[in-house]
Trainee: 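Take this structure, written in structure tokens, and hold onto it; I'll ask about it next.
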Amino acid sequence: MSAEQNWTEEQMRVDRVVAIVERRIETLGDQVGGLREDIVNIRKTFWDDVTVNMEDLNEAIETFASMKQQAEVLSERERSHRHAMSQLKALGRLRRSPYFGRIDFVEEGETKPERVYLGTSSLLDDDGLQFLVYDWRAPVSSLYYDYGPGEAEYETPGGTIRGSMELKRQFIIRDARIRSLFDTGVTIGDELLQEVLGKHSDAQMKSIVATIQREQNRIIRNEKARLLIVQGAAGSGKTSAALQRVAYLLYRYRETLSADQIVLFSPNPMFNSYVSTVLPELGEENMQQTTFQEYIEHRLGSRFRVEDPFEQMEYSLSRMEEPGYDARIEGIRYKASADFLKLIDEYAGYLGREGMLFRDVVFRDRVLVPAETLRERFYELDAGMTIPNRMQALSEWLLKELRRLAKLERRKPWVEEEAELLDKDAYIEAFEQLQRKKRFSEDTFDDFAREQEQLAYMIVQEQFKPLRRQAKRLAFVDAPGMYRQLFADPGLASRISPDAELPARWADICAQTAEKVEQGELAWEDSTPFLYLTERLEGFQRNSSVRHVFVDEAQDYSAFQFAVIRRLFPMARMTVLGDLNQAIYAHATGSDGFEALRALFKPEEAETFVLTRSYRSTRQIVEFTRGLVPGGEAIELFNRDGAKPTVTGVADKTELARSIAERVRKMQEDGHGSIGIICKTAAESREAFEALKDALPLKLVGTEAISFERGVVVIPSYLAKGVEFDGVVLYDASRDRYGRESERKLFYTACTRAMHELHVYHVGERSPFIGDALPVTYASEG
């Protein structure tokens with residue numbers, strides 16, 4: 001059959017499938033309308049259809065049964081409506097693009113091949129007997145990702161199915177019209193990716209289901225590992241594979257797993273917006289999305305002013321001349337390490353023996369229970385108990401002590417003064433409470449002594465409420481004081497842990513940390529260790545309902561952060577995605593390749609995948625960027641052509657702004673819809689925005705940004721992580737900006753955001769990192 005005949009035949013099938021989909025949409029639309037009307041009517045007439053009679057037990061039982069029946073009818077209609085709406089969404093996707101792949105598979109023992117078409121959700125024929133489209137996550141669909149024509153097999157709940165694949169065909173269908181069709185031996189073909197990636201990137205990352213490589217498919221469908229580590233080059237499809245893994249898990253375990261049992265930790269709120277449409281496009285609800293910073297703020301925001309990671313990044317990139325800078329950077333690295341995690345564990349053990357700090361329990365400016373009394377009671381408890389259990393026992397003792405003290409408090413003069421100020425309602429409440437206690441009848445309301453006694457009880461109970469609440473929340477534990485105590489005496493760490501290898505500037509680190517904590521501030525590098533110590537003392541807060549945790553940009557996480565996430569979600573499997581070449585935070589320079597994370601699991605529970613091929617950028621951009629980092633030669637090129645990156649030197653900032661404005665206008669003329677002007681820091685971003693705003697329509701992106709927008713944006717390098725642009729302009733890649741070895745990965749990360757064009761500018765001497773790239777990989781201008 002000729003290519004033209006193939007195309008015609010396949011388009012006719014698309015037309016038939018879309019016609020069926022449209023009929024289903026029409027039918028389902030009528031059903032949805034009817035169900036909506038039923039729900040509204042039931043809600044309006046709920047009580048009209050319920051017989052309410054509470055005169056005796058039998059009537060009450062009948063009333064309850066009537067209410068229960070009506071509520072069940074309403075609940076059933078609402079469930080049906082939700083299901084129908086979900087089906088309508090799936091059919092809407094199929095109407096635009098019913099499928100993206102086809103395989104012809106001959107099962108062993110059969111002679112005729114079965115045609116299997118793959119799409120984002122399943123579709124049966126009108127008789128409900130044959131699949132017109134198979135969901136991409138169904139067992140048979142793995143053939144498409146794992147094999148080319150020839151012998152093939154796939155796993156089903158009933159066992160392994162073997163046979164032969166005779167054809168593998170890929171489509172791009174938009175608005176029910178075939179745009180691209182070709183037969184291939186591999187799932188990823190140059191022609192398809194050129195079409196899918198096209199020349200432009202949408203603001204939201206689009207599904208690339210049709211372009212999953214075999215390794216990615218193994219990641220998506222992995223059901224054995226409790227820890228799945230995906231190390232991948234920039235643009236290798238890590239995040240895409242992870243999101244498709246979420247969709248696959250929700251489909252595979254749809255009876256037992258829901259979207260709210262999956263949590264994604266992403267690098268920043270803007271990234272959450274960037275990926276928010278992917279799962280709905282794959283046919284599933286979105287999982288819970290957060291950032292580790294949001295979690296820290298939620299837990300510690302009421303105790304401290306907590307520095308955010310971007311403030312720390314700004315400090316490390318721009319305050320090199322400030323006194324104490326070297327000590328702070330050394331402290332950032334040490335406090336992120338497994339060594340410091342070990343020290344905190346040993347410090348917690350030390351506090352179990354001595355050194356615990358408590359707060360006085362204060363009431364009306366009087367100390368009711370001194371901190372020393374709490375300390376003595378704590379150390380009187382069985383030392384064999386865990387510290388959290390001893391804290392709980394101390395809390396229970398304190399609650400009893402507060403009850404005893406409350407009785408004594410009722411006789412104090414202030415209580416009588418408060419009683420005189422009470423309004424009529426309070427007196428009525430006191431009388432009603434006395435009645436309920438049956439301590440006297442109505443004709444004894446003039447019993448003044450008992451009335452006053454009840455009022456005093458009510459007043460003291462109300463005033464003691466905050467104390468009881470604090471006792472239950474362990475607010476009497478001075479956690480900030482104990483964290484500060486570790487640093488107040490630089491010699492304490494060595495006494496606690498004689499084998500500890502402390503940083504050279506430990507005394508300076510201690511002074512900086514103690515001062516900040518004293519002022520009610522917490523540096524970002526201290527936030528997780530402080531939270532970890534607090535949980536070691538008070539008990540870890542756990543969420544056992546979450547079954548899967550995904551961590552994107554995992555190379556930026558510390559040993560502490562992984563330990564906290566692991567304890568927070570003890571029942572969850574973890575999938576972490578990272579690129580060690582993009583480890584841009586100060587603590588990450590000593591990255592251990594996720595060894596601290598592996599240590600939290602048994603060796604047999606962990607599995608690692610390495611993705612080395614970059615699809616985001618053109619071949620020319622990858623040839624340039626892989627020369628910027630050690631080991632970059634392992635990054636495989638994808639053969640998509642474009643222009644070489646340019647490196648342009650300019651004399652001053654005025655010429656820089658003029659030249660960049662001209663370049664951006666040219667890129668816009670060439671049809672690029674998303675252009676990133678990437679600066680090193682937020683301060684430089686503001687400077688660039690001011691210099692360019694009169695020449696170009698552009699937006700300034702800061703840490704508060706919560707959505708990703710198309711157009712021309714000025715953005716700090718660290719916020720651009722995980723985001724891609726049609727074209728990238730690196731604002732000033734001079735030696736002054738990117739000269740230290742610790743900034744190499746930041747420079748690499750900024751350059752790898754470009755899909756189609758990369759233009760690097762520098763004022764004065766260029767960054768030495770550019771010299772590490774082969775001269776043949778870029779064009780020098782200016």
Side-chain angles (χ1 to χ4, degrees), residues 101 103 105 116 118-122 134-147 152-162 187 207-232 236-265 278-279 282-288 543-552 554 562 565-566 568-578 594 597-598 600-611:
I103 53 175
F105 183 69
V116 176
L118 289 76
T120 55
S121 56
S122 296
Y134 282 86
D135 191 292
W136 67 276
R137 295 156 292 192
V140 70
S141 302
S142 65
L143 290 170
Y144 176 78
Y145 301 114
D146 287 343
Y147 295 97
E153 63 183 43
Y154 66 98
E155 299 296 326
T156 73
T160 303
I161 305 295
R162 295 181 175 85
T187 304
S207 160
I208 53 171
V209 175
T211 63
I212 306 171
Q213 62 185 137
R214 190 168 185 170
E215 195 77 345
Q216 287 173 316
N217 193 40
R218 289 175 59 208
I219 294 165
I220 292 164
R221 294 169 186 264
N222 188 296
E223 298 176 29
K224 295 177 183 176
R226 290 197 63 78
L227 170 63
L228 197 64
I229 297 173
V230 182
Q231 294 184 96
S236 60
K238 299 182 296 294
T239 304
S240 177
L243 295 173
Q244 291 170 71
R245 174 167 168 74
V246 173
Y248 171 76
L249 291 168
L250 288 170
Y251 177 85
R252 171 74 174 80
Y253 299 101
R254 53 194 176 279
E255 302 299 327
T256 57
L257 183 69
S258 59
D260 60 6
Q261 292 175 301
I262 300 176
V263 174
L264 166 68
F265 283 95
V278 176
L279 280 182
L282 295 178
E284 293 294 348
E285 293 178 34
N286 264 325
M287 69 263 152
Q288 298 184 67
N543 183 330
S544 297
S545 66
V546 169
R547 290 291 181 264
H548 288 272
V549 171
F550 287 74
V551 181
D552 206 355
F562 283 133
I565 291 172
R566 181 79 177 108
L568 178 61
F569 304 108
M571 306 303 291
R573 294 171 183 263
M574 286 183 70
T575 301
V576 302
L577 321 154
F594 306 120
L597 175 58
R598 285 190 182 92
L600 301 174
F601 293 82
K602 296 174 183 175
E604 65 273 15
E605 292 180 328
E607 196 166 348
T608 300
F609 291 88
V610 180
L611 303 177

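Quick caveat: nothing in here was measured; it's all calculated off a predicted structure.
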Trainee: Report yes if the side chains of Leu257 and Leu249 come closer than 4.5 Å at any heavy-atom pair, otherwise no.
Mentor: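 In short, these two side chains touch, coming nearer than 4.5 Å.
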Trainee: Could you tell me if Arg566 sits above the aromatic ring of Phe601, with its cationic atom closer than 6.0 Å to the ring centre and no more than 45 degrees from the axis?
Mentor: yes
Trainee: Should Glu605 and Arg598 be marked as a side chain to side chain contact (heavy atoms under 4.5 Å, CB included) after you check the CA-CA gap, both sets of side-chain angles, and the distance that decides it?
Mentor: CA-CA 9 Å; Glu605 292 180 328; Arg598 285 190 182 92; over 6 Å; no
Trainee: Taking side chain as C-beta onward, heavy atoms only, is Gln288 less than 4.5 Å from Leu264?
Mentor: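 A side-chain contact is absent here, since even the closest heavy-atom pair is not under 4.5 Å.
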Trainee: To the nearest 0.5 Å, what is the distance between OG1 on Thr575 and CG on Asp552?
Mentor: 11.0 Å
Trainee: What's the verdict on side chain to side chain contact (heavy atoms under 4.5 Å, CB included) for Tyr154 and Arg162, showing C-alpha distance, side-chain angles and the deciding distance?
Mentor: CA-CA 7 Å; Tyr154 66 98; Arg162 295 181 175 85; over 6 Å; no
Trainee: Would Ile103 and Tyr134 count as a side chain to side chain contact (heavy atoms under 4.5 Å, CB included) if you check the C-alpha gap in whole Å, the side-chain angles of each, and the deciding distance to 0.1 Å?
Mentor: CA-CA 11 Å; Ile103 53 175; Tyr134 282 86; over 6 Å; no
Trainee: Kindly determine whether Glu607 and Asn222 satisfy side-chain hydrogen bond (donor to acceptor under 3.5 Å, both in side chains), including the steps that lead there.
Mentor: CA-CA 10 Å; Glu607 196 166 348; Asn222 188 296; 3.1 Å; yes
Trainee: Give the C-alpha distance, both sets of side-chain angles, the deciding distance and a yes or no for side chain to side chain contact (heavy atoms under 4.5 Å, CB included) between Asn543 and Val546.
Mentor: CA-CA 6 Å; Asn543 183 330; Val546 169; 3.7 Å; yes
Trainee: Using a 3.5 Å distance criterion without hydrogens, assess whether the side chain of Arg218 forms a donor-acceptor pair with backbone atoms of Phe609.
Mentor: no
Trainee: CG of Leu228 to NE2 of His548: how many Å apart, nearest 0.5 Å?
Mentor: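 That separation rounds to 10.5 Å.
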Trainee: Hey, are the side chains of Val263 and Phe550 touching, using non-hydrogen atoms and a 4.5 Å cut-off?
Mentor: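 No, side chains not in contact.
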Trainee: Using the rule given for side-chain hydrogen bond (donor to acceptor under 3.5 Å, both in side chains), can you reason through Ser545 versus Gln261, listing the C-alpha separation, both sets of side-chain angles and the distance that settles it, and then say yes or no?
Mentor: CA-CA 6 Å; Ser545 66; Gln261 292 175 301; 5.8 Å; no
Trainee: Side chains of Glu155 and Ile161: closer than 4.5 Å at any heavy-atom pair?
Mentor: no
Trainee: Kindly give the heavy-atom pair with the smallest separation between Phe562 and Met574, and that separation in Å.
Mentor: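 Shortest heavy-atom contact: CD2-CE, 4.4 Å.
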Trainee: Are Gln231 and Leu611 side-chain neighbours, meaning at least one heavy-atom pair lies under 4.5 Å?
Mentor: no
Trainee: Considering only heavy atoms from C-beta outward, does the side chain of Ile262 approach that of Leu250 to under 4.5 Å?
Mentor: yes
Trainee: Taking Asp135's backbone N and O only, do any of them form a donor-acceptor pair with Ser141's side chain (distance below 3.5 Å, no angle check)?
Mentor: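 At least one qualifying donor-acceptor pair exists.
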Trainee: Do the side chains of Ser142 and Arg221 get nearer than 4.5 Å, heavy atoms only?
Mentor: yes
Trainee: Going from CZ on Phe594 to OG1 on Thr608, what distance comes out if it is rounded to the nearest 0.5 angstrom?
Mentor: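 Here the rounded value is 9.0 Å.
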Trainee: Only counting residues at least two apart or in another chain, list the ones meeting side-chain hydrogen bond (donor to acceptor under 3.5 Å, both in side chains) with Glu223.
Mentor: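 Here the qualifying residues are Tyr248, Arg252, Tyr253.
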Trainee: Do the non-hydrogen side-chain atoms of Lys238 and Ile219 ever get within less than 4.5 Å of each other?
Mentor: no
